[in-house]
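The structure appears right after this line, and notes come after that.
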Amino acid sequence: MDLKLNNKVALVLAASKGLGKAIATALAAEGAKVIIGSRDEKELNQTAAEIKALTGNEVIAIPVDVSKGNEIAEFVKKAAAAYGRIDILVNNAGGPPFDKFENFDDEQWQKAFDLNLLSVARLSKLVLPYMQQSGSGRIINIISGSVKAVLGNSVLSTSMRMGVVGMAKLMADEFGPYNITVNNVAPGLILTDRIKHTLPKDIDSETAIKDKAKSIPLGRIGKPEELAALVTFLASEQAAYISGTTIQVDGGANRSIF
Ligand SMILES: NC(=O)c1ccc[n+]([C@@H]2O[C@H](COP(=O)([O-])OP(=O)(O)OC[C@H]3O[C@@H](n4cnc5c(N)ncnc54)[C@H](OP(=O)(O)O)[C@@H]3O)[C@@H](O)[C@H]2O)c1
């Protein structure tokens with residue numbers, strides 16, 4: 001299937017590794033002009049070079065901390081200047097820490113808000129004029145399966161992601177007339193560094209991964225490229241009538257009916 005992403009300009013945040021990197025790679029492989037952002041400049045440049053070598057397409061790396069408004073503004077300005085248009089925005093960021101509700105203070109709540117909720121609002125607002133100008137656009141937010149079923153110790157993440165779900169619904173409503181779609185992708189357990197860091201230290205990592213997979217109907221943890229495939233489809237011309245949704249990529253892990 002030709003996803004008609006040739007020459008579309010895609011911004012992918014938090015893309016030096018993990019889900020963001022897989023998404024940037026998949027979009028570049030489909031012909032999009034990809035601009036990636038995350039904090040560590042060296043790692044980001046390496047990733048851009050890797051994706052270019054793999055796909056043959058140019059990837060631009062612009063360092064940014066998505067929890068900082070001034071850096072986001074600079075990122076979008078530079079990204080827009082690169083090709084004169086922005087067609088696709090993939091809102092992604094690092095995840096907040098896991099712990100019990102009672103252990104988080106105001107500062108940690110504020111950090112999670114800046115990183116996982118305000119960043120989505122800021123980036124979406126700044127790309128909107130470019131999408132309005134071209135008469136179409138795609139905004140895709142990477143959130144978490146915790147918006148569908150309770151995940152212990154994820155109160156910071158879940159609270160912010162629920163905000164994104166509400167925001168995306170309203171944005172889908174407001175941006176529909178501009179032919180801009182807004183959707184959320186909710187990962188279950190996808191093997192990235194973030195997940196590797198949460199594995200128990202008292203057993204070897206292969207056993208720990210197998211243990212985690214036991215409760216997943218498909219019997220395994222997901223691969224970043226499996227989530228990236230959905231994001232790439234949502235970014236495509238073929239997904240023009242899908243908006244305001246939250247879609248899980250979790251191997252069937254969420255058993256809730258609604
Ligand atoms: N993997 C899963 O199974 C899973 C499940 C549910 C939800 N999620 C969510 O999906 C998102 C991506 O997770 P992942 O598994 O891909 O994580 P990861 O492998 O740890 O990668 C995180 C990426 O985010 C970047 N990043 C972190 N803080 C940033 C900031 N302030 N500004 C810009 N970039 C930043 C990192 O680069 P720098 O450190 O250089 O900035 C890195 O590129 C997270 O929000 C996570 O909570 C993941």
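Counting from 1, the numbers follow the sequence of the chain as shown. Counting convention: from 1, in listed order, for ligands and their atoms alike.
Partners of Lys4 by side chain to side chain contact (heavy atoms under 4.5 Å, CB included), not counting sequence neighbours, listed by chain and number: Asp2, Glu237, Gln238. With sequence neighbours excluded, the residues satisfying side chain to side chain contact (heavy atoms under 4.5 Å, CB included) with Arg85 are Val9, Asp87, Ser134. By the side chain to side chain contact (heavy atoms under 4.5 Å, CB included) test, Leu230 is found to be paired with Val185, Leu234, Ile247, Val249, residues two or more places apart in sequence or in another chain being considered.
Between the side chains of Asn70 and Glu74, not a single donor N or O lies within less than 3.5 Å of an accepting N or O. Between the side chains of Ser67 and Asp114, no donor-acceptor pair of N or O atoms lies under 3.5 Å.
A salt bridge links Lys214 to Asp211: one of the charged nitrogens lies within less than 4.0 Å of a carboxylate oxygen.
Enumerated by chain and number, the residues approaching ligand 1 to less than 4.0 Å through a heavy atom are Ala14, Ala15, Ser16, Lys17, Gly18, Leu19, Ser38, Arg39, Asp40, Val64, Asp65, Val66, Asn92, Ala93, Gly94, Gly95, Leu115, Ile142, Ile143, Ser144, Arg161, Pro187, Gly188, Leu189, Ile190, Thr192, Asp193, Arg194, Ile195.
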